[in-house]
Number of protein chains: 2
Amino acid sequence: TLVAEAQSLFAPRQSLAGRKVAITAGPTREALDPVRFLSNHSSGKMGFALAAAAQRAGAEVTLIAGPVNLPTPSGVKRVDVTGALEMRDAAERAADLCDIFIGAAAVADFRPAKFAEQKIKKREDNNEETVALVKNPDIVAGIAARTERRPFTVGFAAETEKVLEHARGKLTRKKLDMIVANDVSVADGGFDSDRNAVTVIDAAGSEMLPSALKTELAEQLIARIATRALAP
Amino acid sequence: TLVAEAQSLFAPRQSLAGRKVAITAGPTREALDPVRFLSNHSSGKMGFALAAAAQRAGAEVTLIAGPVNLPTPSGVKRVDVTGALEMRDAAERAADLCDIFIGAAAVADFRPAKFAEQKIKKREDNNEETVALVKNPDIVAGIAARTERRPFTVGFAAETEKVLEHARGKLTRKKLDMIVANDVSVADGGFDSDRNAVTVIDAAGSEMLPSALKTELAEQLIARIATRALAP
């Protein structure tokens with residue numbers, strides 16, 4: 001990591017010049033009916049900060065965004081999506097053309113098995129209800145598993161316990177090149193915060209990046225991703 | 001309705017001077033685990049516009065807000081809540097002290113039966129999952145059913161079909177004094193829009209308020225609520 005730090009210090013400013021980067025960001029929303037949905041607390045801030053940092057590093061950036069309340073970073077191509085299947089389709093199309101794919105979105109693991117066209121009515125006699133869920137595709141794992149047109153693939157792992165163990169398991173199982181792990185159970189950092197602390201893990205080892213603004217953390221992550229992805 | 005229009009035209013500007021009004025707004029979020037939740041598309045705009053209009057009409061306003069991305073209207077006391085049970089508790093406390101209660105929040109009808117302290121892991125062998133839901137309390141009906149310290153109680157009905165029929169059923173069943181019905185299936189109006197068209201229904205009849213900015217609609221609704229609530 002001393003080598004990595006030295007490399008990132010002396011890397012040219014435009015470390016991703018001429019490269020194409022696709023990034024997913026934010027949550028997905030999985031509709032139960034026209035008014036209800038299942039979602040999660042992702043703000044999209046980390047993915048949007050990564051898109052801005054990659055653009056500043058010279059990359060041509062496609063940002064595939066779930067429903068978030070954030071402005072599009074300058075110079076970035078944004079594709080808005082809602083559900084995981086829609087995000088998967090947009091991500092697969094972008095991955096066909098990109099050198100680096102970063103899955104920073106908090107994709108819902110499950111979606112309702114069926115969508116009700118009309119709002120589900122609450123009935124007097126009905127105090128309990130069950131919602132059947134089916135597993136969503138693992139978008140980043142699908143791209144990492146490619147044998148052709150496979151970009152350098154980076155995943156994220158938001159965990160509440162055994163953070164490094166769970167994240168390293170995902171790195172291996174999903175065939176990722178790098179995974180960025182964070183502990184969403186801590187107060188400073190995680191979904192709603194402007195700050196975060198993460199651990200970057202790849203086959204060679206791990207590096208802890210201490211708590212920083214997501215914008216600063218994004219610069220550090222893009223520097224490390226550029227170094228590793230473009231290594232000969 | 002000609003009479004109502006004339007009354008609202010000639011009503012004093014400070015029609016709610018010295019009155020206490022409590023308003024719920026926005027969606028509720030029902031947590032499945034530390035990162036996942038069930039919610040709905042309510043933006044909170046209508047409830048926030050009503051709070052601003054009631055404050056301008058001279059009322060002392062308490063706004064009980066679910067998770068929304070809106071600034072607090074000037075002069076309004078805001079209480080932030082997340083889940084339906086928390087909103088119910090805040091609403092009951094506010095109802096003890098208010099003259100008029102307006103339930104404009106889109107409270108989740110159901111919440112997960114149990115909360116998982118740790119993030120639910122997606123397992124390889126697990127392609128389907130069911131989430132057991134239990135019915136949430138009907139906040140506005142609970143307040144309308146009071147026999148003591150009962151404020152004038154106004155509900156909202158967001159419907160996708162048989163709008164007036166469903167809304168009138170709710171008015172009677174929930175013992176409301178007035179219900180404001182809107183069709184969330186139409187393009188112009190409803191949750192994400194700045195505009196809305198509604199029908200105001202009470203025991204005496206109904207009045208259609210055509211599509212207008214939610215801020216304008218809120219003025220019209222507060223004028224009608226003030227007239228009806230303060231009628232001798």
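All values below were derived from every heavy atom in this structure, side-chain atoms included, with hydrogens, water molecules and symmetry-related copies excluded. Every chain is numbered from 1, with letters handed out A, B, ... down the list of sequences.
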Over all heavy atoms of both residues, which pair between B:Glu128 and A:Phe110 is shortest? Give the atoms and the distance, please. C-CE2, 4.4 Å

Would you check if A:Arg36 and B:Asp109 make a side-chain contact, meaning some heavy-atom pair closer than 4.5 Å? yes

Nearest-0.5 Å distance, CG of residue A:Leu32 to CG of residue B:Leu133: 8.0 Å

Is there a side-chain contact between A:Glu129 and B:Lys135 (heavy atoms, below 4.5 Å)? no

Top contributor to chain A interface from B:Ala113, B:Ser39, B:Ala132 [non-hydrogen pairs under 4.5 Å]: B:Ser39

Do B:Val131 and A:Leu38 touch side chain to side chain, with heavy atoms closer than 4.5 Å? no

